[in-house]
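One structure is given below, encoded as structure tokens.
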Amino acid sequence: MRVTGDGGGGRPGQGFSGGDRATDFRRSHRVGQIVRGVALRTEPNQTGQAALPHLANFSWLRIDGHELLANVGRNVATGEILILRIDALEPDIILRELRGDSAAGVALSRLVPTFRATRDRFEALLCGLPDWPDALLAVSAHGRQACFNEMLQADMSLLETYLGVLELETALDVHLTSAHVAPHGAALPEASDGQTLRFAYRPWLLPGFRQCELLTSTATGPLDYPSAMRETRLSFDCPGLGQGELRLLRKHPQAGFRIGLAAPKAAQALSSSLQACAEALAQHVPADFLGVFRLSGPTGLAALLDADTPITYGRRI
């Protein structure tokens, strides 16, 4: 799809010829990058005028904070998420929507190990910093992402490695959002009507922990209504205590969470950190602690690769 000018004056085939929107987008993106776009609205016809053929299927999209007018080529609903690849930035901004198999990209069984190897290299660099994790622990849970970003900006090698992690994180998210199929061929429950599965890597949520992987199942709706049922599973590795998982179920205005550990007796030592993390994931809704359970299988991305691990997001915690 071709991005056009700043409004209703666009013409078929006209590229984004200039302006702050185009300049800012070009500076912060590169060809081949995969991005998410949210449909804000369809370009309306002028009141009282006949339909304008050249505005057919044109919609305003928000991509990484930039609002762009693009010829999507189909009708899109307000709030719909589009997975896009940047095919060109000059002379025109050209985006290609990835759908179905094309969005899935390489097999999940190949993508996950690549992500984890890159993530492990990043975390090795991160753990080598003299102020990690103390700098993040010294601020509130709400200020940790900003503190984390400052650490990245201060170390170019760390930043470059992290950008590689983010690219693979996006590819995984695209795969799960679009394909909804585990590599062993079993359809995930999240693929049922009204459900989506998302993936994210959030190292600042639990400073000092490793492998913080988020899998979130959300009941979809226009603009992701706050009343939607959402389950989030945050898997992690805690040095000295091993693998763990926080399972949060949220439906505004209520939220509750459980803690899964290979050694449940260690839950007391982690309760304060995980309580704060749960409330941050619940978007500041008070989260009730619902108990501890013993982990009996792989967590996070590893669970998606294990044919024997049932995936039951959004059903029970």
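With sequence neighbours left out, Phe25 forms a ring-ring contact (aromatic ring centres under 6.0 Å, His included) with His29, His66. Applying the side-chain hydrogen bond (donor to acceptor under 3.5 Å, both in side chains) test to Glu90 and every residue at least two apart in sequence or in another chain returns Arg26. Applying the side-chain hydrogen bond (donor to acceptor under 3.5 Å, both in side chains) criterion to Glu160, with sequence neighbours excluded, gives no partner residue. Remark: Asn149 pairs with Gln145, Leu152 by the side chain to side chain contact (heavy atoms under 4.5 Å, CB included) rule, at least two apart or across chains. Residues that satisfy the side chain to side chain contact (heavy atoms under 4.5 Å, CB included) test with Ala282, not counting sequence neighbours, are Leu248, Arg250, Ala255, Val285. Contacts of Glu167 classified as side-chain hydrogen bond (donor to acceptor under 3.5 Å, both in side chains), with partners at least two apart in sequence or in another chain: Arg30. Evaluation of the salt bridge (Lys or Arg N to Asp or Glu O under 4.0 Å) rule for Asp87 yields Arg85, Arg96 as partners, not counting sequence neighbours. Taking the side chain to side chain contact (heavy atoms under 4.5 Å, CB included) definition, one finds that Leu129 meets it with Leu126, Asp131, Trp132, Met151, Asp155, Leu158, sequence neighbours left out. Every residue two or more places apart in sequence or in another chain that forms a side chain to side chain contact (heavy atoms under 4.5 Å, CB included) with Ser273 is listed here: Leu206. Trp204 pairs by the ring-ring contact (aromatic ring centres under 6.0 Å, His included) definition with Phe148, not counting sequence neighbours.
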Side-chain donor-acceptor pairs of residues 287-305 under 3.5 Å, sequence neighbours excluded:
{"from": "Arg294", "atom 1": "NH1", "to": "Ala262", "atom 2": "O", "distance (Å)": "3.1"}

Return all side-chain donor-acceptor pairs below 3.5 angstrom for residues 115-123, not counting sequence neighbours, or 'none' if the list is empty.
{"from": "Arg116", "atom 1": "NE", "to": "Glu213", "atom 2": "OE2", "distance (Å)": "3.1"}
{"from": "Arg116", "atom 1": "NH2", "to": "Glu213", "atom 2": "OE1", "distance (Å)": "3.2"}
{"from": "Arg116", "atom 1": "NH2", "to": "Glu213", "atom 2": "OE2", "distance (Å)": "3.2"}
{"from": "Thr118", "atom 1": "OG1", "to": "Thr114", "atom 2": "O", "distance (Å)": "2.9"}
{"from": "Thr118", "atom 1": "OG1", "to": "Arg121", "atom 2": "NH2", "distance (Å)": "3.3"}
{"from": "Arg119", "atom 1": "NH1", "to": "Glu213", "atom 2": "OE2", "distance (Å)": "3.0"}
{"from": "Glu123", "atom 1": "OE1", "to": "Arg210", "atom 2": "NE", "distance (Å)": "3.3"}
{"from": "Glu123", "atom 1": "OE1", "to": "Gln211", "atom 2": "N", "distance (Å)": "3.3"}
{"from": "Glu123", "atom 1": "OE2", "to": "Tyr201", "atom 2": "OH", "distance (Å)": "2.7"}
{"from": "Glu123", "atom 1": "OE2", "to": "Gln211", "atom 2": "N", "distance (Å)": "3.0"}

**OP:** Go through the steps to decide whether Leu84 and Ile63 satisfy the test side-chain contact (heavy atoms from CB on, under 4.5 Å), and finish with yes or no.
**Re:** CA-CA 9 Å; Leu84 308 165; Ile63 304 172; 3.7 Å; yes
**OP:** Show the numbers, then the answer: is there a side-chain contact (heavy atoms from CB on, under 4.5 Å) between Gln254 and Leu249?
**Re:** CA-CA 8 Å; Gln254 295 177 312; Leu249 189 64; over 6 Å; no
**OP:** Go through the steps to decide whether Glu279 and Phe257 satisfy the test side-chain contact (heavy atoms from CB on, under 4.5 Å), and finish with yes or no.
**Re:** CA-CA 9 Å; Glu279 294 189 356; Phe257 73 98; over 6 Å; no
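Remark: side-chain polar atoms of Asp173 are paired, donor with acceptor, to backbone N or O of Phe199 under 3.5 angstrom.
Of the inter-residue distances, the one linking Glu150 atom CD with Leu136 atom CG reads 9.5 Å to the nearest 0.5 angstrom. Separation of atoms CG (Leu214) and CG (Leu234) is listed at 5.0 Å; rounding is to 0.5 Å. Atoms OG1 and CG, from Thr232 and Leu215 in turn, are 9.0 Å apart once rounded to the nearest 0.5 Å. With rounding to the nearest 0.5 angstrom, the CG atom of Asp237 is 9.5 Å from the CZ atom of Phe209.
Partner of Leu163 under the side chain to side chain contact (heavy atoms under 4.5 Å, CB included) criterion, chosen from Leu166, Val165, Thr161: Leu166.
Each of Val139 and Leu281 belongs to its own hydrophobic cluster when Ile, Leu, Val, Met, Phe, Trp and Tyr are linked at side-chain heavy-atom distances under 4.5 angstrom.
A 4.5 Å side-chain heavy-atom check between Leu274 and Phe236 finds at least one atom pair inside the cut-off. Counting only heavy atoms from C-beta outward, the side chains of Leu197 and Thr216 never approach each other to under 4.5 Å. Side-chain contact between Leu241 and Leu261: absent, with no pair of heavy atoms (C-beta onward) separated by less than 4.5 Å. With contacts defined as side-chain heavy-atom distances shorter than 4.5 Å, the pair Ser28/Asp64 does not qualify.
What you find for Val76 and Ala39 is that their closest heavy atoms are CG2-CB, 3.9 Å.
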